[in-house]
Amino acid sequence: MGGQPSSPNQRRPRSRAVTIRHGRISIFAGPAVLSLALGLWGITREHSMWRDEAATWQSAHRSLAEIGHMVGQVDVVHGLYYAVMHGVFALFGDSLVTLRLPSVLATATACGLTALAGARLSERWVGVGAGLALAVIPAVQELAQEGRPYALVLAFVVLATRLLVGALERPNSCVWWVGYAAAVLIAAWFNWFSLLALVAHGATIVYIRPARARYVGWALAASGAVAGALPVILASRAQAGQVDWIKPLGWSTVLGVLITVTIAALCARLSQARVSESMREGVPYARVNLAAVALPLCAVPQIGLALISLVKPLYITRYVLFAYVGLALLIGALLAAIAARLRTHVHVLLPAALALALLALLPIELRVRTEQSRVDDVLTAAAMVDHLRDAADGVLYIPAARRDTALVSPHAFTGLRDLALAQGPVESGTLKGIEAGPRDIERAMLRARRIVLVTDPGPSQADSVRDRTKQRVLDEHFVRRSDSIERGRRVSVYERREPERPTSRATHLAGGYP
């Protein structure tokens, strides 16, 4: 009868499910809350915005059709992210907080999911330690406060890793493989370098040697994800010139990769992460080892991108930020092993280790929340122009990419004519617009009385014919009246030289002056 109370046997599964759910929430919550707090701390970064975030800002303010037009020519690898940020700005308005908040939330989610993955691979406190470790890693803290897609890539790679573990440990794992393929695909659409995590997962599969069905499941899921990402990969090849600025692999980068991978290997060795095997109804689960998941995830993306960079320079730490998930998992295992060796409960050791880590990293944590932590600040440059624009009638940018200063803060350039611009960024589907030919630029400059120049500090960046023309005309026909360098940008005011008046022959013979 429906009114009769349930028997104890009927109530037990529901009670157990509630307990498991509450346990997962508690594991997720601690690292997520810590990451959220660190992300919100100083989120405006002293009211600064650097050049990469400026690209996000101007792109997200375009319509979806305009974004689609743009990514056909530039930044196709960030097309999905720009569309997401367009929606964020439409819903919540544009500000430095809304620019960076999606990254803060994504990082918090990644830390919570890392904790769940660690708990699944080992036990509760290993997971909590791993999530907390990921939250305090300096590179993770830095990119959590950046209006770029790398924190979202991190979150989806961690989700894919958690789904991989679930698919390997469950006899009926079709839904898990579908979810895994979707997570890998979304990460790749945010940045297809995340497919290096797929290679790391392949190394895990080879190591644990699961049953044939799981081999097939992973192969199908991986193939589907790669096929779905192929349009972005192929389109980005035509835009490869965008990464020409990346320097060849240096010894400092190689040393950093070696140190990170060595620390991960030592953590795996010292923690002695064990292989676990479970049984359900006589069917063995796949043998899943925390080190077998974490060590490839840390090593393969970093080493793989470093090897690729020997042929084509591409190594930038943020491209493989997700590799720190593997390191964090192994740090969590090591902390649990240390607690067991010291016969101290992990819930006592973890807060102490966390406080020590935050204190030791405090100088770095303070720096990444200042404007000096990035290469430049677009907003400060715009404010400098705003103070000068009444005394000038034209503006130039060397290189043309510094036009982002005006695109982020157009009000600061009111009344200044862009002397080199032929077609605007939105109309041309570019980030910096299309400039006129050298002769047209020269004629426009010679009609101006005073010109504001926005450029980089240091040696001249006049690498193109157009930029060399700008610099030549300034040197020959103008004199610099003011010069300011702040936060990685240089703003100068040039005034047209007065033409020399001819000296009369009589005055010349008399030795006098006119």
Side-chain angles (χ1 to χ4, degrees), residues 110 113-114 117-118 120-121 130 153-171 173-230 232-234 257 260-261 264-265 268 273 275-277 284-311 314-315 319-330:
L113 289 173
T114 298
R120 185 70 188 185
L121 288 165
V153 174
L154 173 68
F156 278 100
V157 168
V158 179
L159 176 60
T161 303
R162 175 63 187 90
L163 292 170
L164 172 69
V165 174
L168 290 172
E169 290 188 343
R170 284 165 173 76
S173 53
C174 181
V175 174
W176 288 80
W177 286 127
V178 172
Y180 171 77
V184 172
L185 177 59
I186 294 172
W189 271 77
F190 277 122
N191 190 310
W192 63 263
F193 283 135
S194 64
L195 292 176
L196 288 168
L198 190 65
V199 181
H201 292 163
T204 298
I205 295 290
V206 170
Y207 178 80
I208 65 175
R209 293 180 294 177
R212 179 183 176 87
R214 291 180 177 82
Y215 264 123
V216 173
W218 179 81
L220 290 175
S223 300
V226 171
L230 204 56
V232 178
I233 297 173
L234 295 177
V257 171
T260 304
V261 174
V275 174
S276 61
E277 184 174 1
Y285 283 20
R287 295 168 64 87
V288 180
N289 184 325
L290 185 144
V293 173
L295 196 53
L297 188 55
C298 177
V300 170
Q302 296 188 84
I303 295 175
L305 190 58
L307 292 175
I308 293 171
S309 296
L310 294 175
V311 179
L314 287 173
Y315 197 97
Y319 292 168
V320 286
L321 180 70
F322 50 85
Y324 286 113
V325 175
L327 177 63
L329 287 169
L330 292 165

| Do Leu168 and Trp177 touch side chain to side chain, with heavy atoms closer than 4.5 Å? | yes
| query | Which value, rounded to the nearest 0.5 Å, describes the distance between Leu196 atom CG and Phe322 atom CZ? | reply | 5.5 Å
Using residues 219-227 as the side-chain source, report each donor-acceptor pair under 3.5 Å to any protein atom, sequence neighbours left out, with the distance given to one decimal.
| from | atom 1 | to | atom 2 | distance (Å) |
| --- | --- | --- | --- | --- |
| Ser223 | OG | Ala219 | O | 2.7 |

| remark: Nearest heavy-atom contact between Leu329 and Ala294 is CB-CB, 3.8 Å
| task | Kindly write out the residues that satisfy side chain to side chain donor-acceptor pair (under 3.5 Å) with Thr161, not counting sequence neighbours, or none if the list is empty. | result | His201
| task | Take Leu164 and Val293 through the side chain to side chain contact (heavy atoms under 4.5 Å, CB included) test and state the conclusion after the steps. | result | CA-CA 9 Å; Leu164 172 69; Val293 173; 5.5 Å; no
| said: Let me confirm one number: the CH2-CG distance from Trp192 to Leu198, rounded to the nearest 0.5 Å. | reply: 13.0 Å
| query | CG of Leu163 to CZ of Phe156: how many Å apart, nearest 0.5 Å? | reply | 11.0 Å
| query | So among Leu154, Val157, Val158, which one has a side chain to side chain contact (heavy atoms under 4.5 Å, CB included) with Leu113? | reply | Val158
| Where do Ala160 and Val184 come nearest, in terms of heavy atoms and distance? | CB-CG2, 3.8 Å
| task | Quick one: closest heavy-atom pair of Thr204 and Ala292, and the distance? | result | OG1-O, 2.6 Å
| said: Treating Trp189 as the side-chain partner and Gly228 as the backbone partner, does any N or O pair qualify as donor plus acceptor under 3.5 Å? | reply: yes
| task | State the OG1-OH distance between Thr260 and Tyr324, to the nearest 0.5 angstrom. | result | 5.0 Å
With a 3.5 Å cut-off and sequence neighbours excluded, list the donor-acceptor pairs that the side chains of residues 295-310 form with protein atoms.
| from | atom 1 | to | atom 2 | distance (Å) |
| --- | --- | --- | --- | --- |
| Gln302 | NE2 | Cys298 | O | 2.9 |
| Ser309 | OG | Leu305 | O | 2.8 |
| Ser309 | OG | Leu314 | N | 3.1 |
| Ser309 | OG | Tyr315 | N | 2.9 |

| query | Is a side-chain donor or acceptor of Arg214 paired with a backbone partner of Arg209 at a separation under 3.5 angstrom? | reply | no
| task | Kindly indicate, with the supporting measurements, whether the criterion side chain to side chain contact (heavy atoms under 4.5 Å, CB included) is fulfilled by Val320 and Phe193. | result | CA-CA 7 Å; Val320 286; Phe193 283 135; 5.5 Å; no
| remark: When every non-hydrogen atom of Ala291 is compared with those of Leu330, the smallest separation belongs to CA-CD2, 4.2 Å
| request: With rounding to the nearest 0.5 Å, note down the distance linking OH in Tyr180 to CG in Leu159. | output: 11.0 Å
| message | Would you say that Val153 contacts Tyr319 through its side chain, given a criterion of any heavy-atom pair below 4.5 Å between the two side chains? | response | no
